[in-house]
Trainee: 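Let me begin by handing over the structure; questions about it come next.
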Amino acid sequence: MTSASPAEIETLFRRLLGAARELYEASPELCDFVAWPNDLVYVAPQPRPIPALPQIRAMAPDGGVQAALAAVVDHADWVQTYSAAEVGRHFLDHYGYIELFGPTGIFTSSQCRAFIGYWGQGLHYPRHDHQAEEAYLVLGGRGLFEADGKAPVELGPGGVRIHAPFQSHAMKMRDAPLLALCLWRGPGMADRAHIR
Ligand code: ZN
């Protein structure tokens with residue numbers, strides 16, 4: 001893995017981007033939510049590991065975007081927005097995301113932002129909000145999506161959930177982990193989410 005050349009690593013990230021785009025294009029709700037950006041520029045990430053990498057790698061046999069993600073786990077700059085004081089150590093050991101594209105993404109874009117996030121089995125992602133409008137697309141596993149003013153719904157692969165600006169939302173993973181593509185658009189796109 002570590003012996004891969006920069007060009008090989010870029011190819012792996014472009015495969016992941018392509019796999020995510022295929023799933024986006026298969027979802028009319030996501031296509032209505034935001035156009036796929038046309039200003040993407042690859043910026044080689046500085047690898048930054050998180051404890052959950054073995055769990056994310058374990059989803060690779062499911063193929064598709066999960067295999068494409070597993071191929072880049074050692075090369076990606078994984079992000080954890082929250083501190084242990086906010087969410088606890090256990091949460092941080094079973095969670096993390098990459099910014100696939102966006103203002104500070106692996107592919108930069110000023111048009112919209114996309115994350116691929118992982119939450120481990122049994123994890124409770126507490127209520128949080130942000131100004132940017134958000135669309136989740138479940139890539140693998142499943143989770144219970146809760147939001148103010150909306151009935152909770154359990155979503156598996158292909159499931160879409162949209163959150164309005166500052167609409168408080170939470171997720172509960174029960175008998176499976178959750179891997180999701182998360183798109184942000186509009187004002188506040190470069191901000192972070194806040195636990196309330
Ligand atoms: Zn959100």
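Both counts, for ligands and for their atoms, begin at 1 and track the order of listing. What's counted below: heavy atoms across the whole structure, side chains too, no hydrogens, waters or symmetry copies.
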Trainee: According to the interplanar angle, ranging from 0 to 90°, do the rings of His128 and Tyr125 count as parallel (below 30°), tilted (30 to 60°) or perpendicular (above 60°)?
Mentor: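 Geometry flag for Tyr125 against His128: parallel rings.
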Trainee: So does His130 have any N/O/S atom less than 2.8 Å away from the Zn ion (ligand 1)?
Mentor: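 Yes, within the cut-off.
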Trainee: Does Glu22, at its CD atom, have more than 12 non-hydrogen atoms belonging to other residues, nucleotides or ligands within less than 6.0 Å?
Mentor: no
Trainee: Please determine whether Glu134 has a backbone or side-chain N, O or S atom lying under 2.8 Å from the Zn ion (ligand 1).
Mentor: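 Yes, Glu134 qualifies, because one of its backbone or side-chain N, O or S atoms lies under 2.8 Å.
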Trainee: Mind running side chain to side chain contact (heavy atoms under 4.5 Å, CB included) on Leu178 and Tyr95 for me, showing each step along the way?
Mentor: CA-CA 10 Å; Leu178 175 73; Tyr95 147 83; over 6 Å; no
Trainee: Closer than 2.8 Å to the Zn ion (ligand 1), do we get an N, O or S atom from His169, backbone or side chain?
Mentor: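 An N, O or S atom of His169 is closer than 2.8 Å to the Zn ion (ligand 1), so yes.
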Trainee: For Arg185 and Phe33, indicate whether the former's side chain and the latter's backbone hold a donor-acceptor pair under 3.5 Å.
Mentor: yes
